[in-house]
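The block underneath contains the structure these notes are about, expressed in structure tokens.
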There are 2 protein chains.
Amino acid sequence: MTTSTTRTKRGKGRDKAAPARPTQKDIALAAGVSQAAVSLVLNKTETPSVPSATRTRIIEVAEGLGYRPNHPARMLRSARTMTFACVIPDITNPFYPGLVRGLQAVAAPAGYDVLIFDTDGRPEREARAIDWLLQGRADGVVATFFHLRVPQLAVLARKGIPLVRLESRHKPDGPLAIDSVYIDNAEAAAEMTRLLIARGHRRIAMIQAEFGPSQRRAQGYSAVMREAGLSPDFVTDSAYSEESGARAMNRLLERRGERPTAVFGASDVLALGAMEAARNAGLSIPGDIAIAGFDDIPVAKLLGLTTVRQPEFDLGALAAETLVRRLQPGGLGSPGKSRELKFEIMKRSSV
Amino acid sequence: MTTSTTRTKRGKGRDKAAPARPTQKDIALAAGVSQAAVSLVLNKTETPSVPSATRTRIIEVAEGLGYRPNHPARMLRSARTMTFACVIPDITNPFYPGLVRGLQAVAAPAGYDVLIFDTDGRPEREARAIDWLLQGRADGVVATFFHLRVPQLAVLARKGIPLVRLESRHKPDGPLAIDSVYIDNAEAAAEMTRLLIARGHRRIAMIQAEFGPSQRRAQGYSAVMREAGLSPDFVTDSAYSEESGARAMNRLLERRGERPTAVFGASDVLALGAMEAARNAGLSIPGDIAIAGFDDIPVAKLLGLTTVRQPEFDLGALAAETLVRRLQPGGLGSPGKSRELKFEIMKRSSV
DNA sequence: TTCGCTTAGTTATACGTATTACTAAAGCAA
DNA sequence: TTGCTTTAGTAATACGTATAACTAAGCGAA
């Protein structure tokens, strides 16, 4: 609008002051060598066919022009994106940022970046994620799928894209390059349920979500309840969100007859929502009602929530390690493994 | 399979039946047309030179083979990555996931993905981010830099990569494609300080971090304090983390002489750390000490933290819109604009 | 002299796509 | 018949890189 020169950024326009991104060709031209020589020097630490004088000259010219390798071109040529995709329901759920950092911690030193894809736990978004991955945007994937199962995921492995699933239980080895990392969700939930029973609770309800890891947690809870001669009591809401948790808790509180004395949220976010709803209803925690969660997101500590600790960072790091190994030559051949990390019961003040 | 012409063309023929990702060439071969025809049909909605019979055949073959366009090749050819980079200190800070979702909400419908780069607020990581962006990995950037200033960032704009900064105040228009979105951090901090004074506090300390938006917030606080004839009282720690907040609070509590009656954390995360330290020291909030924060991260509500609301999602969405507009033809020419969103004081129970 | 070896590179090609420029064949009018 | 238009495509090229295959010059040895 003002006095601005219409600058053509790149293209055959070739005007002098246009600071386009210089390519190896530009360096070659400026240094009086071929493009191949430039590529050689810039990529190999030892170049038998290029003497150090030329080497130095090329490097100096490259620095002088501010050369940066063109990533897309590299990807195309080498069929490697040097990117991991992280497919998760929602980065806003405080469980996942820690996982992502774990991923990054291992991926970055190995030269990989991390791309995030949110599915919102919806089947069509999960399908879109697969489609998107098949476009060669990532060399490997770490993912939590609520809906897709191995048959739908196998296509990735078949196209040479290893996948590490964040799972809720041990998976039998499979022939494809689909691995998993997990903590034993059923056992963890079982142990938490035992704790609640040991504290004297008999009417214990579980707030669960429709899909995802909540199912496995529900199994552990159910098993222990029945073992103790108590009847499982589920309230199901749609998502892993505070709103869902609060809604579920309100449904519990509206019940006529005997209310539960303890509520086990299938995830911390659900438990926190439940906690707030309980407080809003004038109940004290754990006096009037005990609340337990699952995940141990960072705020759980601040709020004194008794919960199951999932080592999110370590899970991410382990997943990344698995991918890095898979992507080494010949790594795709071995059978899919399931690797376990240990959970921990964090006893705080909400139970 | 039916026709045994499935050949492995990538990977030097190691695997036997490896179903490589089919390319346009493969489709062309199978459909008896040229690669150009395939590209035409698959990309244009109207193809005057390809009759609908051929069109249909090509599309069917493409679907039959499970064709997915190769993203790197597209990027190279079209010089468009269809990716936005989001450069932030730490995705683990609960302020940022919401920002990312706002970004995604606008970016995705426009066809852009979002890549996350964590800097940890360290200068060398920020420099690495720039370097990394210059490799043509993203078409546009949304970023929070603690250390880099316009001179160092200008290189992006000069190479045709628009940048939207998440800022703490209005920036004068500049000639480059560097925009910013912000809330008026100084005024917000000023207003919060006024609230604390209005509640009767006279000894009000601020916990701040060494770099980043904390500085601007400190200015607003200082101004109001001095205006009221009170002296500003800073405790500085390194990062925007709970540990830093707790450490700073402990330093305040260890002071001999008169303790502050209110503590203003330059960010919610700092305030939460301070809150925990205060509780651990046996103080009640707000009875013994009032605590205020800045950001309004999701847990602030759960913990009853009085704080300044930054519309994180909207900031992200606005940033993305700005980028999308910049990337439309001719969008890079206009001067860099600074766009403001409104903050809100969230009065809860910690003050 | 010829042969072989080393040095210092260069040339050529491929990755998969998008796009521009071109063309062969058919149809039709004059 | 020629000339022109339409139809239905194809061939060629470029994007920037990595790498395999090649070469020209110089030198020493047989």
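Chain A is the first sequence line, chain B the second, and so forth, proteins listed ahead of strands; every chain is numbered from 1. The structure presented is a predicted model; accordingly, all values stated were derived computationally and were not measured.
Axis deviation across the helix from C:dT1-D:dA30 to C:dA30-D:dT1 amounts to 90°, comparing end segments of five pairs, rounded to 10 degrees.
Partners of A:Ala138 according to the side-chain contact (heavy atoms from CB on, under 4.5 Å) rule, which considers only residues two or more places apart in sequence or in another chain, are A:Ala85, A:Leu133. Under the rule for a ring-ring contact (aromatic ring centres under 6.0 Å, His included), A:Phe313 has no partner lying at least two apart in sequence or in another chain. Every residue two or more places apart in sequence or in another chain was checked for a salt bridge (charged side-chain N to carboxylate O under 4.0 Å, His left out) with A:Glu321, and none qualifies. With sequence neighbours excluded, no residue forms a side-chain hydrogen bond (donor to acceptor under 3.5 Å, both in side chains) with A:Glu126. Residues meeting the side-chain hydrogen bond (donor to acceptor under 3.5 Å, both in side chains) test with B:Arg326, sequence neighbours left out: B:Asp179, B:Ser334.
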Mark up nucleotides 5-13 of chain D, 5' to 3', with B wherever a protein heavy atom is under 4.0 angstrom from a base atom, S wherever such an atom reaches only the sugar-phosphate, and - elsewhere.
---BBBB--
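When all heavy atoms of B:Ile178 and B:Ala157 are compared, the pair lying nearest together is CG1-CB, 4.0 Å.
Looking at A:Arg122 and A:Glu124, a side-chain N of the basic residue comes within less than 4.0 Å of a carboxylate O on the acidic one, giving a salt bridge.
Not one side-chain nitrogen or oxygen of A:Asn70 sits closer than 4.0 Å to the OP1 or OP2 atom of D:dT17. For B:Lys44 and C:dT19, the shortest distance from a side-chain N or O to OP1 or OP2 is below 4.0 Å. One finds no side-chain N or O of B:Gln135 lying less than 4.0 angstrom from the OP1 or OP2 phosphate oxygen of D:dG16.
Rounded to whole Å, the distance from CD1 on B:Ile58 to P on C:dT17 is 14 Å. The CD1 atom of A:Ile27 sits 8 Å away from the P atom of D:dT17 (whole-angstrom rounding). When the P atom of C:dA14 is taken as reference, atom NZ of B:Lys25 falls 8 Å away, rounded to whole Å. With rounding to whole Å, A:Tyr67 atom OH is found 10 Å from D:dG16 atom P. As rounded to whole Å, 14 Å separates atom P of C:dA18 from atom CZ of B:Arg80. Atom CE in A:Met75 sits about 17 Å away from atom C1' in C:dA14, given to the nearest Å. Counting to the nearest Å, the C1' atom of C:dC15 and the CD atom of B:Gln24 are 13 Å from each other. In this structure, CG of A:Leu65 is placed 14 Å from P of D:dG16, rounded to the nearest angstrom.
Checking C:dG16, D:dA18, C:dA18 against the side-chain heavy atoms of B:Ser39 singles out C:dA18 as nearest.
No engagement by B:Ser78 is indicated, since no non-hydrogen atom pair under 4.0 Å with the nucleic acid exists. Looking at heavy-atom distances under 4.0 Å, A:Pro69 makes contact with sugar-phosphate atoms alone, never a base.
For residues 53-66 of chain B, every residue pair satisfying the side chain to side chain donor-acceptor pair (under 3.5 Å) rule, not counting sequence neighbours, is listed here: B:Thr47-B:Arg55. Among residue pairs with one or both ends in residues 99-118 of chain A, those qualifying as side chain to side chain donor-acceptor pair (under 3.5 Å) are A:Arg80-A:Tyr112, A:Arg101-A:Gln104, A:Arg101-B:Asp90, A:Arg101-B:Asp120, A:Gln104-B:Asp118, A:Asp113-B:Trp132, A:Asp113-B:Arg137, A:Asp118-B:Gln104; sequence neighbours excluded.
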